[in-house]
2 protein chains.
Amino acid sequence: MRATVIHGERDIRVDEVPDPVLLPGGSGRDAVVRVVAACVCGSDLWPYRGVERVRAPRRIGHEFVGVVEQVGDAVERVRVGDFVIAPFYVCCSECTNCRNGVSTSCLNGGWWGSEDREGGFADAGQGERVRVPLADGTLVVVPDLDPDSERGRALIPHLLTLSDVMCTGHHAAVSGGVRAGSTVAVVGDGAVGLGAIAAAKRLGATRIVAMSRHADRQALARELGATDVVPERGDDGIARLKEMFDGVGPDVVLECVGTKESMDQALRSARPGGQVGFVGVPAGGPELPVSTMFSTNVGVRGGVAPVRGYIPELLPEVLDGTLRPGIVFDLELPLEQVAEAYAAMDERRATKVLLRP
Amino acid sequence: MRATVIHGERDIRVDEVPDPVLLPGGSGRDAVVRVVAACVCGSDLWPYRGVERVRAPRRIGHEFVGVVEQVGDAVERVRVGDFVIAPFYVCCSECTNCRNGVSTSCLNGGWWGSEDREGGFADAGQGERVRVPLADGTLVVVPDLDPDSERGRALIPHLLTLSDVMCTGHHAAVSGGVRAGSTVAVVGDGAVGLGAIAAAKRLGATRIVAMSRHADRQALARELGATDVVPERGDDGIARLKEMFDGVGPDVVLECVGTKESMDQALRSARPGGQVGFVGVPAGGPELPVSTMFSTNVGVRGGVAPVRGYIPELLPEVLDGTLRPGIVFDLELPLEQVAEAYAAMDERRATKVLLRP
């Protein structure tokens, strides 16, 4: 089959790779899914840009939706023909950590594009098909969805965001403690930041500030629920936020970037006793200034988002059209043009690119 | 009057200082309180030990209870003759931060032993009397308490802990998100750590591990609600906690020390998705490892405890005898022997010393 392989810095290709098959002699808990739509993640740009070194060509991608084509003997819940959403990782949904709501720390789980715990390979998402380990634990079935119907085609971009960005934004909001009446600022206007805005809105935040300097993203932010836009950053941004919120700042700041600057912005923007919910993958630090946190009582909570548990919670609202996070996709390309997808996101010509195998 | 002055490293004296008076020409919101009991805080040992440099002789102390002797013209709630508990700081109880429950970030507040915002001096607590700025906002009145009665004498040690250690332990527990059914480990077996144990118990934690190597403190910990004691530290301590809690660790770890080692212990002991509630004054760092927090989803929240807001919540349980945090006092001395009080705590001959002017 055809699948995306990163060969090095700015070297993304679609290569011929082995067709995925159920692991012979395995536990029978895997499945093979035909990918209907996949996408490129902001974090995929890190190896693309060389921030993360690519030592050898490897498969890439971790967000996809598709149709189940084969299931192992031990698979009980997921059935051939089901339309499914895959979270950006593999999990059992049964172990202590999964039961505690932290399926990203699953004791039996793993990551797309790498070996699973039985020695099989879990294909990455940017390809034609994927072997899914622990299919019952990992996949979320969307009932009665025909991907080729008009409804299916309209819903797919929104469903695909549940694989990562929308649910990751939701994790930021949950980690930040957003609730009815909260005031919120969101640092980062990428797809995750935009998802965080939508999440804050549905959790009942009354005022949501998008910190954004780009007109197109400001418009998306407002469409998803932002009530205000602050283009300033650093001390000027903090001064604007203080001015807007009783001279002290918003209750919650959602950090959706992962750089030293964005975390600093978030920590210094929250009001005393406020909370930072963070989901930006930390780009090599920085460490958090514990003395500042001590004196201001600003808490920090977040991390790699356990989206598997959030998908069933958000799915009904996507299906009934009240939650439309798929508007973050502003470019759709065939899988064969995946290199252009990466370039468009890298050069900020696109917020998020949807790929069709 | 007589009051404690720190002159330098390990140089604590009781000196003759000016009697406190209501600030002439001030806003009339201050009061003068006769100190009935005061105590030495773990954080007082930092300048005593030279960890924090003492540049010039200065007044010291910040925990006291007493009887109101004078009130300014604008004081409405607090009355002459009232028995009061002072939190370890001054606050207005009216500003945005106070209303948000973060009275330690009061926009009008201050600290004992320093100038207030009107140019008056707020005496430190380890003396005969204290001028209290913003008396209505700062002081909590204990109704119908005669400090010289048998009941008063029995209650005073417990009431005095509400000034800092018990409420600070409570803040650790609240910041850690302790609730009914939580599993908790407490790092630090000083008075604050012991308060945190009592707080975790009353918030409904079902299992509370005191991490302690000292037999006397282990006994106090058990009396206040610890269900288990783990004397091991570092990797061994973490291994013990994992073993005790489903192989992953407790839900919440309360950090009540403030050193690099104790914060590291706390962060690595909590289960994935757990929370560290921290109240140990950070002794010059360290910064928090954000990548670890990201990968484990362990949150960190806490800081300088807004005890003013907690006193009314905990007071009824102290008054009816269900909460007895005053057992942390294992030495009582007259104010004139304050140097011995510091030495006893420094040399760990006492957990916490009560001073009587």
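In what follows, chains are A, B, ... by sequence order, proteins preceding strands, each numbered from 1.
- For A:Val276, no part lies near chain B; criterion is any non-hydrogen pair under 4.5 Å.
- With values rounded to the nearest 0.5 angstrom, A:Asn297 atom CG is found 4.0 Å from B:His171 atom NE2.
- The nearest pair of heavy atoms linking A:Ser105 to B:Ser295 is OG-O, 3.9 Å.
- Looking only at heavy-atom pairs under 4.5 Å with chain A, the residue among B:Val248, B:Thr104, B:Thr296, B:Asn100 that has the most is B:Asn100.
- Closest of all the heavy-atom pairs between B:Asp246 and A:Thr96 is CB-CG2, 3.7 Å.
- The minimum heavy-atom distance linking B:Val290 with A:Phe278 is given by the pair CG2-CE1, 3.7 Å.
- Contact count versus chain A (heavy atoms, under 4.5 Å) is highest, among B:Gly274, B:Pro272, B:Cys95, B:Gly277, for B:Pro272.
- Considering every non-hydrogen atom in both B:Gly280 and A:Phe294, the closest pair reads O-CE1, 3.6 Å.
- Proximity to chain A involves both the backbone and the side chain of B:Val304, based on heavy atoms less than 4.5 angstrom apart.
- Listed for the B:Arg301 side chain is no donor-acceptor partner under 3.5 Å among the backbone atoms of A:Met293.
- In this structure, B:Arg49 places its CZ atom where more than 12 heavy-atom neighbours from other residues, nucleotides or ligands lie under 6.0 Å away.
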